[in-house]
Undergrad: 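The structure that follows is given in the form of structure tokens.
Residue numbers start from 1 in every chain, and the chains themselves are labelled A, B, ... in the order their sequence lines are given, proteins ahead of strands.
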Protein chains: 2
Amino acid sequence: MTQKSPGLVELCKAKGRRITGQRKIIADVISSAHDHPDVPEIHRRAMRKDEKISLSTVYRTLKIFAEIGLIEQHSFEGGPFRVERAEGPHHDHLIDTTNGRVIEFRSEEIERLQTEIAEKLGYELTGHRLELYGRPKAK
Amino acid sequence: MTQKSPGLVELCKAKGRRITGQRKIIADVISSAHDHPDVPEIHRRAMRKDEKISLSTVYRTLKIFAEIGLIEQHSFEGGPFRVERAEGPHHDHLIDTTNGRVIEFRSEEIERLQTEIAEKLGYELTGHRLELYGRPKAK
DNA sequence: TCGTTAATGCAAATTATTTGCAATAAGGGG
DNA sequence: CCCCTTATTGCAAATAATTTGCATTAACGA
């Protein structure tokens, strides 16, 4: 196990969820991931620790993890869902179109403008998605 | 036919594309749409004018339309592709989570900040996606 | 330790989208 | 205006991603 999965136990218990072996494995895969893997990829990594864990379980588990707030699910440009752990401050993503790499950033100012815009349109902002696509600048 | 499809003929010819009956119909469906329909919906509407137009043709045609710059394809929260005509100034979307309605808006300031952020990260911005999700504010 | 019930594995079902292929139709040339 | 070449279409089958039904298994509070 690469590292502890912070919060799994507490979050599950708080929602009356059982802590199973596969949930521990999946949580661990996610907490030790330094990228934004999609579901099949998470499944592959989980299978390295338990070759009989099923894809359905991964899907179901991720849905639950998203519900209890352990992770966030994003999908970039219509592709499959990608997962990242929901810890640390909120941020948005810049996708490097030359290699698919995802870079995180945050901008207080954009956050503020979003709320402002929604308000102006008569809406209460409940969520948002901001993705930038770009290629490395030749320096 | 509700209205002319501006540009279809010129855009197709410019790319050596043939102008077929089904392309005219699909272009017309799109140009007279005041919402952001997904592909099955476009197919349904197209069938009202030609009951034997096929779903594949709609998919293929939309891909071509996107290539020649007649439309844009978006997908909100991982859902199916939705289509809107690529005319008028660039804008972003606010999705009403209570009914799925899409509201367009634009913000020069956010546009500017995006370019700025990308630049700061060493990237040249090639595209972006900004979606706000919210519910109508009780006044 | 036991019993209740959530969770799992597997296969089948869905949904969105793409593709192979034979039949059809645009549209430039004669 | 007719022909011929070749893009385009329709249809069915193929993919891909994700979900679901159901019988079996395993958590965990009593």
Undergrad: Please output the side-chain donor-acceptor pairs of residues 55-69 of chain A that fall under 3.5 Å, not counting sequence neighbours, one pair per line with the distance.
TA:
from: A:Thr57; atom 1: OG1; to: A:Ser54; atom 2: OG; distance (Å): 3.1
from: A:Thr61; atom 1: OG1; to: A:Thr57; atom 2: O; distance (Å): 2.6

Undergrad: Can you confirm whether B:Arg82 sits close enough to B:Phe76 that some side-chain heavy atom of one is under 4.5 Å from a side-chain heavy atom of the other?
TA: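 Yes, at least one pair of side-chain atoms sits under 4.5 Å.
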
Undergrad: Can you tell me which residue pairs pass the salt bridge (charged side-chain N to carboxylate O under 4.0 Å, His left out) test with a partner in residues 97-106 of chain B, sequence neighbours excluded?
TA: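 Non-adjacent pairs meeting salt bridge (charged side-chain N to carboxylate O under 4.0 Å, His left out): B:Arg106-B:Glu108.
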
Undergrad: Could you check how far CE of B:Met47 sits from P of D:dG10, rounded to whole Å?
TA: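 Atom-to-atom, B:Met47 to D:dG10, this comes out as 11 Å.
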
Undergrad: Between D:dG10 atom C1' and B:Asp50 atom CG, what is the distance in whole Å?
TA: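 Result: 11 Å.
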
Undergrad: Excluding sequence neighbours, so at least two apart, what forms side-chain hydrogen bond (donor to acceptor under 3.5 Å, both in side chains) with A:Tyr123?
TA: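 A:Tyr123 satisfies side-chain hydrogen bond (donor to acceptor under 3.5 Å, both in side chains) with B:Asp96 once adjacent residues are dropped.
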
Undergrad: How many Å lie between CZ on A:Arg23 and C1' on D:dC28, as a whole number?
TA: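 These atoms are roughly 13 Å apart.
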
Undergrad: Kindly work out whether a path of hydrophobic side-chain contacts (I/L/V/M/F/W/Y, heavy atoms less than 4.5 Å apart) joins B:Leu132 to A:Ile110.
TA: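 Hydrophobic grouping puts B:Leu132 with A:Ile110.
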
Undergrad: Roughly how many Å is it from NZ in A:Lys13 to C1' in D:dA27, rounded to a whole number?
TA: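 That distance rounds to 11 Å.
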
Undergrad: Would you list the protein and nucleotides 21-26 of chain D atom pairs, both N or O, that sit under 3.5 Å from each other?
TA:
from: D:dG21; atom 1: O6; to: A:Arg60; atom 2: NH1; distance (Å): 3.4

Undergrad: Considering only heavy atoms of chain B and a distance under 4.0 Å, specify the first and last nucleotide of DNA chain C in 5' to 3' order that meet this criterion.
TA: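 Here the contact window of chain B covers C:dA16 to C:dG27.
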
Undergrad: Would you mind reading off the distance between A:Leu55 atom CG and D:dA17 atom P, rounded to a whole angstrom?
TA: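 After rounding, the reported distance stands at 10 Å.
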
Undergrad: Hey, could you give me each pair passing salt bridge (charged side-chain N to carboxylate O under 4.0 Å, His left out) that has a residue in residues 126-135 of chain B? Not counting sequence neighbours.
TA: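 Counting only pairs at least two positions apart or across chains, the salt bridge (charged side-chain N to carboxylate O under 4.0 Å, His left out) contacts touching residues 126-135 of chain B are A:Glu124-B:Arg135, A:Arg129-B:Glu131, A:Glu131-B:Arg129, B:Arg129-B:Glu131.
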
